[in-house]
Amino acid sequence: MPELPEVEGYTRYFREHALHQPIARVDVRDARILGEVRPEALARRLRGRTFTSVRRHGKHLFADAGAAWLRLHFGMTGDLAYYRDPSDEPRFARVVFGFEGGAHLAFEDMRLFGVVDLIDDPDAFIASHRLGRDPLDPAFGLRELRKLLAGRRGAIKALLMSQELVAGLGNLYVDETLFQTGIHPLRTADALRDGEVRALLATMRRILQAMIDGKPRRGWIFDRREEGERCPKCGGTLRRATIAGRTTYWCPKHQR
DNA sequence: CGACAAGCCTGGTAGC
DNA sequence: TGCTACCAGGCTTGTC
């Protein structure tokens, strides 16, 4: 499912294919995918314009269309497809942008957890939705992370899932980060030692970057989400439980 | 056939 | 009282 690394991939895909072509038409195949904007308004405000740049924050993609920004959120089954032949339209295309010149960009999403919307300003959106820092933002540092964790009595897993501290990690990457850092998902955020917070930030960045780069996941828990699986790190037996409302896997032997 | 999984929002409650 | 934490429920649909 699309978390930060996958959305980074979509952002690059969008940048590579969908910029600098006048938008001839916008076809909303299923209005349930839309956020605030109505289908007619989406089409009216984009038609004749071009996407000039695209950026990402956490799991959100923002494309600049001049007077407005297109916002895409990929939910759990969202994807982009760029193609010329209309018969190549994906089965679950929800919105299709048709460019002058005949190319198409489809936002597809089988399970409709994603969102297509039009907003005025990405930074205002990020602020109003209380999204935390993007973990790959170089300006985001250890000092700031420590400050964010201070006084938070909730479980670290819940906090990393919430998007309000750091934006972009979903269930799988939170588990992976805690696994590789050796931190138990139920640890109180406030009680993490300085070294653990440092490892947390460095590890999540390394994991996200490795995924973006398509590196192999040797020694990760990522592909072993199964109760009773062997811990690739220490030979312990992986445990499974619902934590923060999500299926959570961890190694009780080395995550403490 | 029903249960389940996912991300994220909403609304309610409990506790300091 | 106000804040924080935390829970259930809803949305959707392919897969088990």
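Here the structure is a predicted model, which is why all the values come from computation and not from measurement. Quick note on labels: first sequence line is chain A, next is B, and so on, each numbered from 1.
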Euclidean distance, atom [atom1] of residue [X] to atom [atom2] of [N] [Å, nearest integer]:
X	N	atom1	atom2	answer
A:Arg32	B:dC9	CZ	P	19 Å
A:Ile243	B:dG7	CD1	P	15 Å
A:Arg111	B:dG7	CZ	P	12 Å
A:Asp190	B:dC16	CG	P	16 Å
A:His57	B:dC8	NE2	P	12 Å
A:Phe125	B:dC8	CZ	C1'	11 Å
A:Asp175	B:dA5	CG	C1'	14 Å
A:Lys59	B:dA6	NZ	P	11 Å

Ion pair check, [X] and [Y], cut-off under 4.0 Å:
X	Y	result
A:Asp223	A:Arg225	no
A:Arg130	A:Glu164	no
A:Glu108	A:Arg91	no

Remember a base hit wins even if backbone is also touched, and classify A:Thr77 as base, sugar-phosphate or nothing at under 4.0 Å, heavy atoms. nothing
Hey, does [Y] have a side-chain heavy atom less than 4.5 Å from the side chain of [X]?
X	Y	result
A:Gln163	A:His129	no
A:Gln255	A:Arg187	no
A:Leu178	A:His184	no

Got a sec? Which of residues 153-174 of chain A come in under 4.0 Å of DNA chain C, heavy atoms? A:Arg153, A:Gly154, A:Ala155
Ignoring backbone atoms, test whether [X] places a side-chain nitrogen or oxygen under 4.0 Å from the OP1 or OP2 oxygen of [N].
X	N	value
A:Arg246	B:dA5	no
A:Arg240	B:dA5	yes
A:His73	B:dG7	no

Side chain to side chain contact (heavy atoms under 4.5 Å, CB included) partners for A:Asp121, two or more places apart: A:Asp123, A:Ala124
For A:Arg49, what residues pass the side chain to side chain contact (heavy atoms under 4.5 Å, CB included) criterion, not counting sequence neighbours? A:Ala67
Please check if the distance between the ring centroids of A:Tyr82 and A:Phe14 is under 6.0 Å. no
How would you give the extent of chain A contacts on DNA chain C, as first and last nucleotide 5' to 3' within a 4.0 Å heavy-atom cut-off? C:dA5 to C:dG14
Give the angle between the helix axes at the two ends of the helix from B:dG2-C:dC16 to B:dC16-C:dG2, taking five base pairs at each end and rounding to 10°. 50°
Under 4.5 Å side-chain linkage, directly or through intermediates, the cluster mates of A:Trp250: A:Leu186, A:Ile243
Could you label the plane-to-plane angle of the A:Phe74 and A:Phe107 rings as parallel, tilted or perpendicular, counting under 30° as parallel and over 60° as perpendicular? tilted
Greater than 12 external heavy atoms within 6.0 Å of A:Arg146's CZ: yes
